[in-house]
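Notes follow once the structure below has been shown.
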Amino acid sequence: MLEFLKLVNAHWRDVLYVLLAGSLVFMALLAAIGKVPVSYNVRNLVVRWKTTIMTALAFTSVVALMTVMMAFVNGLYSLTENSGQPGNVVVLSSGSNDEGFSNLAFDDVRNVERMPGIISDSEGDRMVSKEIFVVGNQQIPVAPGEKPRRRFVQIRGIENPQIAGKVHGLKLQPGGQWFSEAGVEQGQGDAGQNLIQAVMGNGLAAEMGRDLGTSPLAVGDTFSLADRTWKVTGLLDSGGSTFDSEIWAKRQITGEYFGKPASYSSLIVRAADDVAATALAETVKGAKETALNALTEKEYYSNMAETSRTFLYAIVIVALIMGVGGVFGVMNTMFAAISQRSKDIGVLRILGYQRGQILISFLLESLVLALAGGLLGCLLGLVADGWTARSIISGGGGGKFVVLKLVVSREILATGLLLSLFMGALGGFIPAVSAMRLRALESLR
Amino acid sequence: MLGHLAKFLVIIFKNVRRNLVRSTLTSLGTMVLVLVVTSVWSVLSFIDAQTSEKANDFKVLVTEKNKAPSRLPYAYSSSLREGAARNPGDVRPTDYMTWAFYGGTLDPTKMTRENFIFLIAGEAEKVPTMMDELDQLGPADKERLMAAVEKMKRQRNGCVIGPTQLKTMNKRVGDRIKISGLIFKGIDLEFEIVDTFPDAAQRYAQTSIMNIEYLLAALDEYKVKNKKPHPQGAAPIAFVVLRVNNRQEFERLAEQITASPLYTSPAVRCESQASAISSFLEAYKDIFWGMRWLLAPAVLVTLSLVIANAISISVRERRMEIAVLKVLGFRPGHVMMLVLGEALLIGAASGVFSAGAAYLLINKGAGGIPFPIAWFQRFFIPDQAPLWGLAVGAGTAFVGCIIPAWSARSVRVADVFSKIA
């Protein structure tokens, strides 16, 4: 049983499509083998159009809502899936599972940097990025009289942005450039200070632009953060990853400014491939001269998906409970349809239709209703595709503030349709059985 | 008048019982959907309460201005509890509490969730007055908490651990535990569990508290032993909570503190507790928006549709009977009242029952709604939930049945009998 469940889990996409296709084929087979008068049922749905619409809309609202909620979770999952680079290893201090709580001594980092198994880029530079990760408070502009608002902004202090970009597989969008070696430039900053140069993700640039009532921040724009003025020198081509919600600036400046001048948060190193990365992580963890935690970047971001799982469970529960409500609704409709058409059922029986055919007929009617409502729900849910939302992803303790895009995938639509058909089948079955059990002569009285 | 009303009620009850299958299905549909709305509103109302400013009994948070998580030197605490008052007439807080966080594992070789514990370190004597909701405990629970506080004051390594956390760790009151520090690395502390939080303090089921003096003493010991301060020893506290009487005092206090030369490295931020919580929850704003404006309304619409469907079917089936009632002297308004009454009875009764059952089952049976978001682990159905159930059930029933009831009102006797004829 456990093996079977594992197999299902591993191939859940295939299982989903097979279930949906199976349901549709089952409906077609019911119509064909049962030789039921489907046109009679469809005409009845049309004649009782008010009831049909109201029942279908109940399916629609459940499926549309489920689609939007699942799209949100899918967006979260996409972020964590797209953030890790194959072959990358994240090195943190011992006991830390999150960059935010990790403190690596310079000596520890030097030891790891020299380890074999770390590859070099085409120019011969070792693929090692030494970084700090800090969170700053940013005041959000509000209208006079409004409650003050602020947001937490994630800042990644980078020593060598070119190497960091390669290690993280990120490039700048055209027109941008990495911050300079100094990390600052002369300009009219707060209190006459120099401007801090920074590159940032598009998601955050859009958020900050929205606060100011303008378009997303662009190269050359400035913003205030932690009592300093920062200048955008480039925008990261980081769509779909957690880096889309980050600011990157010179490590020495951010470290000094955010209270982390003499340590790193993480060291990201690149191995030849995933197998080599796993081996490298084990080597780092086992090194006697240092006490470090190391894991592949894929694993690191996969651990961050706990928030997604929490939301997923909540959504499944809500969708199921709503589905139960919908089942009661469709049962009501189908019972009413049967009681209104008991004479029709009697006529059908006298015409030679078997009990099984009557059952199939009413079950199909319910399924058609569910399919129509479900399809409309999927269409409505599709509107949410591409919406942006803010959230936190976390693996328990710490976490990252992210701007994500809702993703309505084919799997979500298939799940919505399946849920709708399931509701239709469950809600239609008992009334259909009661229709089947009607005696021809009694029903004609 | 009362007699007429009683007759109406009798007819309404009889109508509900006439088609028991339909009434039951409508009622069950209402119950499950009210359950969803009640749960969603419970989460939202708790968040709203946390982020709403109070007119009086104002709590103020002093945190590090530019960085999160906030880290402040302990020296800040002693002057902040006086509100950085320098001149006569300056505002002084009526109460205070220093907060630090100590987290660690019971077994450093097996860092599982069950072995992890997170403690709030503060002045023990401030726990009953400065921690939300603990000041509202009943006399017996308060006495028990005060006794635990006294123990923590006498015995610095005493700690109070929430019942759920105790269960997770498989420990009991009286047990001793050794924690290997993860937030403060190298600071391993041994505790004695002096008590657990009373059941009435539901939100503290997974919370643990310790005496801050124990943590500070351990940091001092580290310095002596290692001949250098602990890396976090210079800024071990997270924030200081102050209490003032009202908003005006808060504004003056905030000005005193932010203008004080005592708090420049690092600079501090002084904001109301509601505002601080609101800022932290800013990242969840879209989720709450979705729950408030998509999820709850969609459930209400679905519920209205379920009820509308059931009632309109009933009206359609009873056209003949409605015509007879009209012949017998029932006015259109009476007919409408009968239909509305039937729907409202089912909706309101199911709503109250569902929300009431949710209150009992979720709060008492399941120990809250497990929906870990921000630092809130579980949410509880509030006392007023049955009233929500009543309002949701009756409201959606009313919306759902208004059109069917209107169509029942408009049934023409001649039309109905002409079809029969």
Q: Before giving the answer on side chain to side chain contact (heavy atoms under 4.5 Å, CB included), spell out for A:Lys260 and B:Lys67 the whole-Å C-alpha distance, their side-chain angles and the decisive distance to 0.1 Å.
A: CA-CA 11 Å; A:Lys260 214 158 186 169; B:Lys67 209 182 91 198; over 6 Å; no
Q) Taking every heavy-atom pair that is under 4.5 Å apart, which of B:Ile287, B:Leu33, B:Thr105, B:Val306 has the most such pairs with chain A? A) B:Ile287
**Q.** Closest non-hydrogen atom pair between B:Ser279 and A:Phe152, with its separation
**A.** O-CE1, 3.9 Å
Q | Most contacts with chain B, counted as non-hydrogen pairs under 4.5 angstrom, among A:Gly325, A:Ser263, A:Gly329, A:Ala262 | A | A:Gly325
Q.
With rounding to the nearest 0.5 angstrom, report the CD1 to OG1 distance, B:Ile313 to A:Thr333.
A. 4.5 Å
**Q.** side chain to side chain contact (heavy atoms under 4.5 Å, CB included) assessment of B:Glu317 paired with A:Ser339
**A.** CA-CA 9 Å; B:Glu317 280 177 0; A:Ser339 89; 3.1 Å; yes
Q) Do A:Phe101 and B:Ile183 touch side chain to side chain, with heavy atoms closer than 4.5 Å? A) no
**Q.** Under 4.5 Å from a heavy atom of chain A, the part of B:Ser39 involved
**A.** neither
Q. When only pairs under 4.5 Å are counted, which of A:Phe311, A:Phe59, A:Phe335 shares the most heavy-atom pairs with chain B?
A. A:Phe311
Q. Where on B:Thr302 is there a heavy atom nearer than 4.5 Å to chain A: the side chain, the backbone, both, or neither?
A. both
Q) Take atom CD1 in A:Ile430; do more than 12 heavy atoms of anything else shown fall under 6.0 Å from it? A) no
Q) With chain B, which of A:Ala64, A:Gly100, A:Ala336 has the greatest number of heavy-atom pairs at distances under 4.5 Å? A) A:Ala336
Q: Against chain A, label B:Ile369 side chain, backbone, both or neither, depending on which of its atoms sit under 4.5 Å from a heavy atom there.
A: neither
Q) Among A:Met331, A:Lys50, A:Arg48, A:Met54, which has the most heavy-atom pairs under 4.5 Å with chain B? A) A:Met54
Q | Among the listed options B:Val301, B:Val36, B:Leu182, B:Leu295, the residue most often paired with chain A at heavy-atom distances under 4.5 Å | A | B:Leu295
Q: Using non-hydrogen atoms and a 4.5 Å limit, figure out which bit of B:Phe118 sits close to chain A: side chain, backbone, both or neither.
A: neither
Q. Is it the side chain or the backbone of A:Phe401 that comes within 4.5 Å of chain B heavy atoms, both, or neither?
A. side chain
Q: Measure across B:Asn66 and A:Ala226 and return the closest heavy-atom pair with its distance rounded to 0.1 Å.
A: OD1-CA, 3.2 Å
Q | chain B contact via A:Ile321 - side chain, backbone, both or neither, heavy atoms under 4.5 Å | A | both
Q: Below 4.5 Å from any heavy atom of chain B, which atoms of A:Ala314 appear? Answer side chain, backbone, both or neither.
A: side chain
Q: Could you check if a side-chain atom of A:Met322 sits within less than 4.5 angstrom of a side-chain atom of B:Val299, using non-hydrogen atoms only?
A: yes
(Q) With a sphere of 6.0 Å drawn around CG of A:Leu320, does it hold more than 12 non-hydrogen atoms of other residues, nucleotides or ligands? (A) yes
**Q.** Minimal non-hydrogen separation, A:Thr51 against B:Asn309, with atom names
**A.** CG2-OD1, 3.1 Å
**Q.** Under 4.5 Å from any heavy atom of chain A - which part of B:Glu271
**A.** side chain
Q. Using non-hydrogen atoms only, which part of A:Val68 is less than 4.5 Å away from chain B: side chain, backbone, both, or neither?
A. side chain
Q. So which heavy atom on A:Ser61 is nearest to which on B:Ala298, and how close?
A. OG-O, 4.2 Å
(Q) Heavy-atom pairs under 4.5 Å with chain A - which of B:Ser304, B:Ala283, B:Gly29, B:Ser312 has more of them than the others? (A) B:Ala283
Q: For the residue pair A:Asn103 and B:Lys185, establish whether any side-chain heavy-atom pair is separated by less than 4.5 Å.
A: no
**Q.** Engaged part of A:Ile140 at the chain B interface, taking heavy atoms whose separation is under 4.5 Å
**A.** side chain
(Q) So which residue, A:Val62, A:Val134, A:Thr55, ends up with the most heavy-atom pairs under 4.5 Å with chain B? (A) A:Thr55
Q: Using non-hydrogen atoms and a 4.5 Å limit, figure out which bit of A:Gln139 sits close to chain B: side chain, backbone, both or neither.
A: side chain
Q. Which atoms of A:Phe72 come close to chain B, meaning under 4.5 Å heavy atom to heavy atom: side chain ones, backbone ones, both, or neither?
A. side chain
Q. Just wondering, more than 12 heavy atoms not from B:Glu255 lying within 6.0 Å of its CD?
A. no
Q) If you round to the nearest 0.5 Å, how far is CG of A:Asn332 from OG of B:Ser314? A) 8.0 Å
Q. At their closest point, which heavy atom of A:Arg150 faces which heavy atom of B:Ala276, and how far apart are they?
A. NH2-CA, 4.2 Å
Q: Give, as side chain, backbone, both or neither, the part of B:Lys285 having an atom under 4.5 angstrom from any heavy atom of chain A.
A: side chain
